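Let me begin by presenting the structure, written as structure tokens, before commenting on it.
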Amino acid sequence: MTEPRTLPPFASDNYAPAHPDVLAAVAAANDGYAVAYGDDPWTARLDARVREVFGAGALAFPVLNGTGANVVSLTALSPRWGGVVVSDVAHVNTDENGAPERVGGLKLLACPSVDGRITPDDVARWAGQRDDVHRAHPAVLSLTQSTELGTVYPLEELRTLTHVAHDLGMAVHVDGSRLANAAATLGCSLRALTTDAGVDVVSLGAAKNGGMLGEAVLVLGPDAAPDAASARAREAAAAAVPFLRKATMQLASKTRFVSAQLLALLGEPDDAEPLWHRNAARANAMAARLRAGLEALAGSDGDGVRVTRPTEANAVFATLPRPAADRLRAVARFYDWADGETPDRVEVRLMCAWDTAPGTVDAFVAAAADALA
Ligand SMILES: Cc1ncc(COP(=O)(O)O)c(C=O)c1O
């Protein structure tokens with residue numbers, strides 16, 4: 001019989017419980033009857049709060065999960081003949097079982113990436129096939145922020161990317177499953193990272209940020225310097241998303257309970273530090289602590305732990321000998337990510353969550369030292 005693991009998992013921030021304030025908000029929304037399908041007071045309040053946080057004109061459409069948010073967003077932005085430029089490691093490309101293709105009928109155009117980020121040159125390269133009827137017309141750029149590999153697009157780089165995309169007539173979508181972690185790392189507002197950076201539509205994550213269930217599609221309002229491609233994309237998305245949300249089975253009858261969770265995370269205007277930030281900052285800090293602990297286990301001749309990617313949000317990637325990884329897995333669950341530098345090593349992904357405790361991180365590092373011994 002397998003011994004029960006002694007530490008909480010580092011497998012995914014989705015394994016974490018919901019934050020008690022989120023649960024309290026759901027309980028408070030359980031207040032008698034309310035109009036179904038989003039015509040309720042909690043969703044109206046969410047709409048208003050989203051405009052306060054993301055800027056005038058922003059629209060919020062609560063959905064059931066992150067894959068659904070991505071499919072609804074991208075389907076709203078891409079014409080039937082269009083393509084969606086994404087990084088090769090984008091969740092939409094690798095981890096959604098083809099939902100964008102099967103449900104949305106989308107064509108994904110994958111770009112090589114470094115540590116999960118694609119560059120403006122990678123985007124500009126698609127210009128060549130804009131007028132070729134034999135190829136999908138590059139219509140949307142979808143960026144993940146923070147990326148699947150735990151990195152973050154800095155604001156300046158993001159602005160350049162949206163600029164290049166809009167110049168090519170493309171709309172810009174952000175898979176913001178972990179948008180909060182990116183904003184906490186960059187020390188900026190959610191608005192600075194989206195509306196003000198020229199992003200058109202966002203899949204706003206909640207589950208990985210202390211939510212229980214549900215996310216939202218945000219169609220953003222005009223930014224400081226609207227351009228034609230952006231204005232067209234936002235207008236088309238605002239008209240299409242309500243219908244697509246239903247057509248893709250992402251409209252919850254009791255939407256009020258999803259809205260209540262998002263409201264709890266976004267907080268009140270007078271909150272010194274809203275819950276989204278507290279949760280994300282904690283997860284990021286624990287990842288930094290974990291990285292530092294693992295770096296001390298490098299060993300003398302490459303036989304220890306090697307951290308493989310920048311730690312800019314709440315994920316740490318590292319390689320270690322396979323037998324040591326298996327011993328460590330018996331202590332706390334985590335996923336293998338890729339092969340290591342040599343056949344006897346494996347790259348693992350370690351995720352921290354809003355409730356990861358410093359003591360858990362330290363105990364995991366100590367267990368890693370034992371596993372390597
Ligand atoms: C970057 C990213 N986008 C989207 C999703 C999809 O979320 P869901 O599992 O709720 O469909 C995930 C889930 O892990 C993710 O990591």
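Read the numbers this way: they start at 1 and go in the same order the structure lists the ligands and their atoms. In this text the structure is predicted, and so the values were computed from the model without any measurement.
Taking the charged nitrogens against the carboxylate oxygens, Arg349 and Asp336 have no contact shorter than 4.0 Å, which rules out a salt bridge. Using a cutoff of 4.0 Å between basic side-chain nitrogens and carboxylate oxygens, Arg291 and Glu312 are not scored as salt-bridged. Between Asp339 and Arg345, no side-chain nitrogen of the basic residue sits less than 4.0 Å from a carboxylate oxygen of the acidic one, so the salt-bridge criterion is not met.
The heavy-atom pair separating Val258 from Glu215 by the smallest distance is CG1-O, 3.9 Å.
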From CA spacing to verdict: side chain to side chain donor-acceptor pair (under 3.5 Å), Asp40, Thr43: CA-CA 6 Å; Asp40 61 80; Thr43 306; 2.7 Å; yes
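When heavy-atom distances to ligand 1 are checked against 4.0 Å, the residues falling inside are Asn14, Asn65, Gly66, Thr67, Asn70, His91, Glu96, Thr144, Glu148, Asp175, Ser177, Arg178, Lys208, ordered by chain and number.
Residue pairs meeting the ring pair (Phe, Tyr, Trp, His ring centres under 6.0 Å) criterion with at least one member in residues 352-373, sequence neighbours excluded, are Phe10-Phe364, His19-Trp354.
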